[in-house]
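Basis for what follows: all heavy atoms, side chains included, without hydrogens, waters or symmetry-related copies. For clarity, every value in this text was computed on a predicted model and none was experimentally measured. Both counts, for ligands and for their atoms, begin at 1 and track the order of listing.
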Amino acid sequence: MAIKTISLLGSTGSIGQSALDVIASHPDSFQLVAMAAGGRADTLIEQAIRFRPQVVAIYQEHLREYVASRLAPFGIQVLAGEAGVVQVASWESCQMVLSAIVGAAGLRPTLAAIRANKDVALANKECLVSAGELFMAEVARHQSCLVPVDSEHNAIFQVWQGYAGGERLILTASGGPFRGWSSEQLAAVTPKQALCHPNWSMGNKITIDSATLMNKGLEVIEAHWLFGVPWQNIDVVVHPESIIHSMVAHPDGSVLAQMGVPDMRTPIAVALAWPLRVATNVPTLDLTRLGKLTFLPVPDQKDFPCLHLAYQALAAGGGTTAVLNAANEVAVAAFLQERISFTAIAQVIQTTLEKVVPAKPVDIESIFEIDHQARHCAMSQVALHNP
Ligand code: NAD
Ligand code: MG
């Protein structure tokens with residue numbers, strides 16, 4: 001394949017580092033021309049020295065001078081702040097942007113990439129949760145090539161033959177580390193326990209989202225916008241081995257699934273190389289060694305309310321999913337700082353959803369207003385839990 005030039009947003013994160021592994025394995029297929037990260041300046045500097053992009057951006061403005069002084073001998077341009085990240089997302093010489101910033105912070109840069117007519121490999125699910133309708137309208141307007149990186153959506157993307165009306169999406173969920181735990185046990189969960197995911201190694205926020213099952217809720221919303229399937233046709237099944245990454249059930253009885261060893265380098269490689277394929281260092285799936293695959297219904301919503309809250313927000317429509325996303329970001333951060341309990345995450349989100357009832361967003365700025373209002377409300381809920 002001809003060399004594809006890549007801009008990587010969120011290079012220091014879990015997805016970012018896996019993406020660099022894929023890029024490094026294929027110097028004839030991929031060239032990293034731009035990269036951005038939030039903080040962790042030393043990691044970003046090391047990555048830049050290794051991959052020699054034309055430009056890097058660091059979100060935290062106060063780190064700009066330090067990064068610039070370290071990268072000056074290499075002739076690498078250094079930008080900072082959200083404006084710098086947006087410039088990296090729309091960098092002239094890049095063809096594809098891998099959007100792997102965590103949270104709604106990824107929305108503006110990802111939109112900038114779409115508006116600059118870049119192909120987009122999308123890991124950042126929060127931008128679809130916050131702004132799905134407006135986001136997909138921009139994708140359609142610019143006829144962007146949008147390839148999902150989230151493993152479930154990447155799986156569906158690979159087997160997708162279009163929505164004729166009766167198809168059902170079946171998203172698989174590992175069930176997280178607390179499947180089968182009682183309400184009392186869940187109330188006492190510590191951040192350290194919640195950060196140990198059984199199958200996937202991921203960033204902190206998504207690891208907590210996986211433990212509460214909010215991750216699957218965000219993914220239901222993400223799937224709705226990516227594939228245009230109504231929420232009533234999107235199911236979740238617990239599949240503890242995480243080998244089947246998701247399925248499409250057709251009305252004729254056929255169920256198409258994509259399988260593989262749980263390693264994000266596979267969906268990242270699929271997205272970066274699309275429509276071609278490249279090899280990865282991911283081990284080949286050996287089904288005889290696995291022996292069996294198991295499937296279970298999702299746990300009771302009494303113990304894991306977040307999935308249900310996400311379905312409710314999606315059904316309510318408008319800006320409600322932006323409220324859900326913002327409240328979740330605040331609640332997860334508060335849990336990681338040990339300011340609220342594990343079970344209070346869902347309570348903070350539920351109360352925020354009750355208190356912030358947004359008007360239908362008309363543009364991206366109105367999404368940011370809703371996001372701001374919901375964060376403010378969620379923070380006051382956190383303060384009530386921990387005065
Ligand atoms: P992470 O926390 O490990 O990394 C996040 C990256 O975003 C870091 O490089 C950080 O510096 C950067 N960042 C944060 N705020 C920023 C800002 N304002 N501007 C620029 N950069 C900023 O997160 P992750 O686990 O790699 O996840 C990234 C995204 O991919 C999330 O949306 C997550 O839901 C999604 N995702 C992750 C996985 C996974 O396996 N990790 C799987 C599927 C989807
Ligand atoms: Mg996923």
Side-chain angles (χ1 to χ4, degrees), residues 7-21 34-45 47-48 56-61 63-64 67 79-89 97-110 112-113 120-130 148-157 169 171-174 176 195 197 199-210 213-223 226 236 239 242 244-246 258 262-268 270-271 325 328-329 332-333 336:
S7 171
L8 174 57
L9 310 180
S11 65
T12 57
S14 160
I15 292 285
Q17 298 196 31
S18 296
L20 290 176
D21 185 75
M35 62 206 284
R40 293 184 62 192
D42 286 318
T43 306
L44 180 64
I45 290 163
Q47 293 175 335
V56 308
I58 184 131
Y59 176 74
Q60 292 181 21
E61 303 251 8
L63 296 170
R64 179 212 300 251
V67 177
L79 305 169
E82 188 178 56
V85 178
V86 162
Q87 264 183 278
V88 159
V97 175
L98 172 51
S99 167
I101 292 174
V102 61
L107 179 55
R108 243 189 261 274
T110 312
V120 173
L122 185 68
N124 175 276
K125 64 190 80 182
E126 293 89 350
C127 61
L128 281 173
V129 176
S130 286
V149 170
D150 208 350
S151 56
E152 296 75 4
H153 309 75
N154 187 272
I156 293 169
F157 180 83
L169 304 184
L171 304 184
T172 51
S174 70
L195 285 171
H197 193 277
N199 301 352
W200 297 95
S201 154
M202 309 179 285
N204 285 355
K205 193 241 173 198
I206 185 176
T207 306
I208 304 303
D209 286 346
S210 300
L213 290 200
M214 180 54 95
N215 184 49
K216 217 42 60 179
L218 301 179
E219 290 181 353
V220 168
I221 301 169
E222 185 185 8
L226 283 171
V236 175
H239 167 43
S242 299
I244 292 188
H245 298 309
S246 278
Q258 184 264 356
D263 186 317
M264 288 308 293
R265 288 175 298 180
T266 295
I268 290 168
V270 169
N325 181 67
N328 182 53
E329 287 192 30
V332 168
L336 284 169

Say whether, by atom type as modelled, one donor and one acceptor occur between the side chain of [X] and the main chain of [Y] under 3.5 angstrom.
X: Q47; Y: S11; answer: yes
X: E126; Y: G103; answer: yes
X: S18; Y: S14; answer: yes
X: N325; Y: S130; answer: no
X: T172; Y: I244; answer: yes
X: D209; Y: N215; answer: no

Work out which heavy atom in [X] is nearest to a heavy atom in [Y]; give both atom names and the distance.
X: H245; Y: S151; value: CB-O, 3.8 Å
X: L107; Y: C127; value: CD1-CB, 3.6 Å
X: V88; Y: S7; value: O-OG, 2.8 Å

To make sure I understand the geometry: which N, O or S atom in [X] is closest to the Mg ion (ligand 2)?
X: E152; result: OE1
X: E219; result: OE2
X: D150; result: OD1

| task | Any chance you could lay out the side-chain contact (heavy atoms from CB on, under 4.5 Å) test for D150 and L218, step after step, and finish with the verdict? | result | CA-CA 11 Å; D150 208 350; L218 301 179; over 6 Å; no
Does [X] have a heavy atom less than 4.0 Å from any atom of ligand 1?
X: A36; value: no
X: K125; value: yes
X: R40; value: no

Below 3.5 angstrom, do we get any N/O pair linking [X] and ligand 1?
X: Y59; answer: no
X: G38; answer: yes
X: G103; answer: no
X: S14; answer: yes

Any idea which of [options] brings a heavy atom closest to [atom]?
atom: atom 29 (C) of ligand 1; options: I101, V86, I206; result: I101
atom: atom 5 (C) of ligand 1; options: V102, N215, T207; result: V102
atom: atom 38 (C) of ligand 1; options: L9, I15, D209, L128; result: I15
atom: atom 30 (O) of ligand 1; options: A123, G106, P148, A100; result: A123

Need the ligand 1 atom indices (1-based, order shown) with element for anything under 4.0 Å from a heavy-atom of [X].
X: S11; answer: 9 (O)
X: E126; answer: 31 (C), 32 (O), 34 (O)
X: A105; answer: 18 (N)
X: T12; answer: 8 (C), 9 (O), 10 (C), 11 (O)

| Verdict with supporting geometry, N124 and V149, side-chain contact (heavy atoms from CB on, under 4.5 Å) | CA-CA 8 Å; N124 175 276; V149 170; over 6 Å; no
Checking a contact table here: which protein heavy atom is nearest [atom], and how many Å away?
atom: atom 25 (O) of ligand 1; answer: G203 N, 2.8 Å
atom: atom 43 (C) of ligand 1; answer: D150 OD1, 3.0 Å
atom: atom 4 (O) of ligand 1; answer: G13 CA, 3.1 Å

| field | CG-CD distance between L8 and Q17, expressed to the nearest 0.5 angstrom | value | 10.0 Å
| Any side-chain donor near an acceptor of the partner, E219 and H153, under 3.5 Å |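 E219 vs H153: no donor-acceptor pair found between side chains.
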| said: Below a 4.0 angstrom heavy-atom separation, can you tell me which part of K205, side chain or backbone, both or neither, approaches ligand 1? | reply: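 Answer for K205: neither.
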